[in-house]
Novice: 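This is the structure, below, for whatever I ask next.
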Amino acid sequence: MELVQIQRSLVDYTKSLFMEGFLDAQFLQLQQLQDDSNPDFVFEVVSLFFEDSEKLLNELIIALDQPNVDFKKIDSHVHQLKGSSSSIGAQRVKNACIAFRNYCDVQNIEGCLTCLQQVKQECYLVKNKFETLFRLEQQIMASGGSVPTIELGF
């Protein structure tokens, strides 16, 4: 594929992630922190998010499987996941965590279990979206081009 086509694909794909609610403006702010001195900054931050989220999700699975569920502990894990998803602009994960925390507040185990599945699904979906996004960026860089900046004026 020609460089200009790949760049256009990246812009269109990124816009679709915003329009579908996967990403919010925080992701653009994260991208602005990346520069020539740290060209992999966004990739590294997002990768750390997925490493941490996997650990937190596993801890949530274990915590929700206990005979006496510690809702404060669960809420703490979900709060951490909400904060980290918010910091990378993963809007749908963040929103699923908000719903999850509401069920923790009222100590509704069934609601928490349903939300856990929703959070896992949203993490899986956004991870795939990020992988596609980074693959397009790598294709652009390998072709000698520069990654276009995305504006939210669409």
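These numbers come from a predicted model, not from an experiment.
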Novice: Using side-chain heavy atoms (C-beta onward) and a distance below 4.5 Å, is Glu137 in contact with Val42?
Specialist: no
Novice: Gln118 and Glu122: side-chain donor and acceptor closer than 3.5 Å?
Specialist: yes
Novice: Output the distance between atom CD1 (Ile109) and atom CZ (Phe71), rounded to the nearest 0.5 Å.
Specialist: 4.5 Å
Novice: If you round to the nearest 0.5 Å, how far is CZ of Arg135 from OH of Tyr13?
Specialist: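 It comes to 8.0 Å.
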Novice: When you group the ILVMFWY residues by side-chain heavy-atom contacts below 4.5 Å and let the links chain together, are Ile62 and Ile74 in the same group?
Specialist: no
Novice: If hydrophobic clusters are built from ILVMFWY residues whose side chains come within less than 4.5 Å, do Leu133 and Ile150 share one?
Specialist: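 Yes: a chain of side-chain contacts under 4.5 Å links Leu133 to Ile150.
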Novice: If you count every heavy atom of other residues, nucleotides or ligands that lies below 6.0 Å from Glu20 atom CD, does the total exceed 12?
Specialist: yes
Novice: Considering the options Gln107, Arg101, Gln80, which one meets the side-chain hydrogen bond (donor to acceptor under 3.5 Å, both in side chains) requirement together with Asp75?
Specialist: Arg101
Novice: Report, as yes or no, whether the 6.0 Å neighbourhood of atom CZ on Phe22 holds more than 12 heavy atoms from other residues, nucleotides or ligands.
Specialist: yes
Novice: In terms of hydrophobic clusters joined by side-chain contacts under 4.5 Å, are Leu10 and Leu3 together?
Specialist: yes
Novice: Can you tell me how far CG of Asp40 sits from CD of Gln34, rounded to the nearest 0.5 angstrom?
Specialist: 7.0 Å
Novice: A side-chain contact here means heavy atoms from C-beta on lying under 4.5 Å apart; do Leu56 and Val78 qualify?
Specialist: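 SC-SC contact between Leu56 and Val78 ruled out.
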Novice: Would you give the length of the straight line joining atom SG of Cys115 to atom CD1 of Ile98, rounded to the nearest 0.5 angstrom?
Specialist: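 Cys115 SG to Ile98 CD1: 11.0 Å, rounded to 0.5 Å.
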Novice: Under a single-linkage definition using a 4.5 Å side-chain heavy-atom cutoff for Ile, Leu, Val, Met, Phe, Trp and Tyr, are Ile6 and Val4 assigned to the same hydrophobic cluster?
Specialist: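 Shared cluster, no.
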Novice: I want to check something: taking the side chain as every heavy atom from C-beta on, are Val46 and Phe134 in contact at a cut-off of under 4.5 Å?
Specialist: yes
Novice: Hey, could you give me the CE/CG distance between Met141 and Leu136, rounded to the nearest 0.5 Å?
Specialist: 13.5 Å
Novice: Atom CZ of residue position Phe41 - does it have more than 12 heavy atoms of other residues, nucleotides or ligands inside 6.0 Å?
Specialist: yes
Novice: Going by heavy atoms in the side chains, are Lys129 and Leu23 under 4.5 Å from each other?
Specialist: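 Sidechains of Leu23 and Lys129: no contact.
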Novice: Looking only at heavy atoms, which two atoms of Phe130 and Ile88 are closest? And how far apart?
Specialist: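 That would be CE1-CD1, 3.9 Å.
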Novice: Give, for atom NZ of Lys72 and atom SG of Cys104, the distance between the pair rounded to the nearest 0.5 Å.
Specialist: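 Result: 12.0 Å between the selected atoms.
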Novice: Would you say the side-chain atoms of Gln7 pair up with the backbone N or O of Ser146, donor to acceptor, closer than 3.5 Å?
Specialist: yes
Novice: Of the non-hydrogen atoms in Asp35 and Ser37, which two are nearest, and what is the gap between them?
Specialist: OD1-OG, 2.6 Å
